[in-house]
Number of protein chains: 2
Amino acid sequence: MNTLAYGLLGLVARTPSSGYDLMLQLQPYWQAKHSQIYPLLAKLEQEGYMQFTRVHQTDRPDKKVYSITEKGEIALKLWLAEPPAEPVTRDEMVLKAYCLQLTDAKSARALFTSRIEQCKEHMQMYEHVMQEMEQQSDGHPNDPNHPAFSDYILLSWGVRRMKEDVKWCEWVLELLEKRKD
Amino acid sequence: MNTLAYGLLGLVARTPSSGYDLMLQLQPYWQAKHSQIYPLLAKLEQEGYMQFTRVHQTDRPDKKVYSITEKGEIALKLWLAEPPAEPVTRDEMVLKAYCLQLTDAKSARALFTSRIEQCKEHMQMYEHVMQEMEQQSDGHPNDPNHPAFSDYILLSWGVRRMKEDVKWCEWVLELLEKRKD
DNA sequence: GGTCCCATGTAACACGTTACATGATTAC
DNA sequence: GTAATCATGTAACGTGTTACATGGGACC
């Protein structure tokens, strides 16, 4: 049982889904390809954490819809009660920023303007989804009892982080103005 | 040539160092164990991106001090000119937050209080190093011509992020007050 | 005497990505 | 026709972690 396994367990606990669907749902929160997900689902099913039913579709290929078992729910709740592991971030940008002195001023600036663009793209995506949520008439998602509460807070985290990263990049760009080459 | 290889190249370009030293220097920016670094350094040396000289020490074991070659510098500068890849973050916290509805209110709150503690610890470390930098008498590191400029901006990024994450956790904790169980 | 730091390496395993493989339906 | 989406899987490879292996010096 690794983190990806618990992530999948968490998704199917909310809504029974196919492997393909889980892959898409998981993307924003944990990057994993279908080639990693399918074998893991098979393993989780064999070990009794999940079960699946084959669902026939006429317009599309048939699918296996996975749902959580009692054993899976117990394991999931035990995992949830443990404090979260420290995040692991692998950002090429950090390594490149560390080498600023080795580049010309132009490349140095480009590093931060590129990152600003990346951040803004993500921010717009997040904000768009949040706005759609807020416009639904089933209550506001900032209510912790709303079913989309967790989605809402994670999106707002994304927006906050992107905003802060943009601010930082702009601050660095300002400092870089004073650079002599 | 992968990202870790360029990271090592960037470090030795600034200061020729041993594998052990590179491992320690790299830790804050890219997590890698010595078992990954030593073979990679050997490969980079064989392919002509780096060279090493054996340095004898009396009180400690001898070491191999790696420095960058011309070929290495060219490769490094080409890499620096490319826009940075999108960061990859793997944070268990995100997956756990997604499952908030499945836990009791107590575990839900614990998730965010634990994260606040983690953030504050990091923040204090970063701030401590920054303060030490500022107290050195060789100019202020927020000058882009200062040799520690890149270290300084990366530390300040760390502090900013940690502060923002704490704020977000506190915001979520406030919202969670209204939860009915 | 035990533990920590320095210093370098290999081996086995776990995790993640890319590529290979198949095949139907929908949209341009 | 050609590309995209849905749907599931395997194989090969690259990356990252844990464990094994060695050995001297410093410190308590």
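To find a chain, count down the sequence lines: A is the first, B the second, and so on, and within it residues start at 1.
- Aromatic pair B:Trp168/B:Phe112: centroids less than 6.0 angstrom apart.
- Toward the 5′ end of DNA chain D lies the nearest nucleotide of A:Lys64, the other residue of the pair B:Met1 and A:Lys64 mapping further downstream.
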Requested in this report: Apply side chain to side chain contact (heavy atoms under 4.5 Å, CB included) to A:Ile37 and A:Leu8, showing your working.
Outcome: CA-CA 8 Å; A:Ile37 290 173; A:Leu8 291 169; 4.3 Å; yes
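- Annotation: the terminal axes of the helix from C:dG1-D:dC28 to C:dC28-D:dG1 meet at 30°, where each axis is the rotation carrying the C1' atoms of four end pairs onto the next four (5 pairs per end, rounded to 10°).
- For DNA chain C, the neighbouring residues in residues 29-41 of chain B, judged by any heavy atom under 4.0 Å, are B:His34, B:Ser35, B:Tyr38.
- For DNA chain D, the contact window with chain A, defined by any atom under 4.0 Å from a protein heavy atom, covers D:dT5 to D:dT17 in 5' to 3' order.
- Sorted by first and then second residue, the pairs that involve residues 13-28 of chain B and meet salt bridge (Lys or Arg N to Asp or Glu O under 4.0 Å), not counting sequence neighbours, are B:Arg14-B:Asp151.
- A:Phe149 is listed as a side-chain neighbour of A:Pro144, based on a closest heavy-atom distance under 4.5 Å.
- Using a 4.0 Å cut-off on heavy atoms, none of the residues of residues 45-58 of chain A approach DNA chain C.
- In this entry the distance linking CG of B:Asp62 with P of C:dT8 reads 9 Å, nearest Å.
- Using a 4.0 Å cut-off between charged nitrogen and carboxylate oxygen, B:Arg161 and A:Asp165 count as a salt-bridge pair.
- Rounding to the nearest 0.5 Å gives a distance of 8.5 Å between CG of A:Leu44 and CG of A:Leu4.
- For the pair B:Pro61 and B:Val88, both in contact range of DNA chain C, the more 5′-proximal nearest nucleotide belongs to B:Pro61.
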**Report entry** Evaluation steps, side chain to side chain contact (heavy atoms under 4.5 Å, CB included), between A:Ser67 and A:Val12
**Finding:** CA-CA 5 Å; A:Ser67 53; A:Val12 297; 5.8 Å; no
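- Within the model, atoms CD of B:Gln46 and NZ of B:Lys43 stand 10.0 Å from one another, a figure rounded to the nearest 0.5 Å.
- Once rounded to the nearest 0.5 Å, the distance linking OH of B:Tyr38 with OG of B:Ser18 reads 6.5 Å.
- Spacing between atom CG of B:Asp21 and atom C1' of C:dA7 amounts to 11 Å, rounded to whole angstrom units.
- Counting any heavy atom pair closer than 4.0 Å across all strands shown, B:Asn2 reaches sugar-phosphate atoms only and no base atom.
- In this structure, the side chain of A:Ser150 does not engage the main chain of B:Leu100 through any donor-acceptor pair within 3.5 Å.
- Whole-Å rounding puts the A:Lys63 NZ to C:dG23 C1' distance at 17 Å.
- Side-chain contact between A:Lys178 and A:Leu176 is absent, with no heavy-atom pair separated by less than 4.5 Å.
- Taking OG of A:Ser114 as the start and CD of B:Glu82 as the end, the distance is 11.0 Å to the nearest 0.5 Å.
- Going from atom OH of A:Tyr20 over to atom P of C:dA24 covers 17 Å, rounded to whole Å.
- Between B:Tyr66 and B:Phe52, the angle of the ring planes lies from 30° to 60°, which puts this pair in the tilted group.
- The stretch residues 3-18 of chain A has no heavy atom under 4.0 Å from DNA chain C, so no residue of it qualifies as close.
- Look at B:Asp91 and B:Arg115 and you find a salt bridge, because one of the NZ, NE, NH1 or NH2 atoms lies within 4.0 Å of a carboxylate O, short of that distance.
- Under 3.5 Å, the side chains of A:Glu134 and A:Tyr152 contain a donor-acceptor pair of N or O atoms.
- To the nearest angstrom, C1' of C:dA24 lies 10 Å from CG of A:Asp59.
- Results of the side chain to side chain donor-acceptor pair (under 3.5 Å) test with A:Glu164 over B:Lys167, B:Lys163, B:Arg160 single out B:Arg160 as the only residue that passes.
- The distance from atom CD of B:Glu92 to atom C1' of C:dC15 is 15 Å, rounded to the nearest whole Å.
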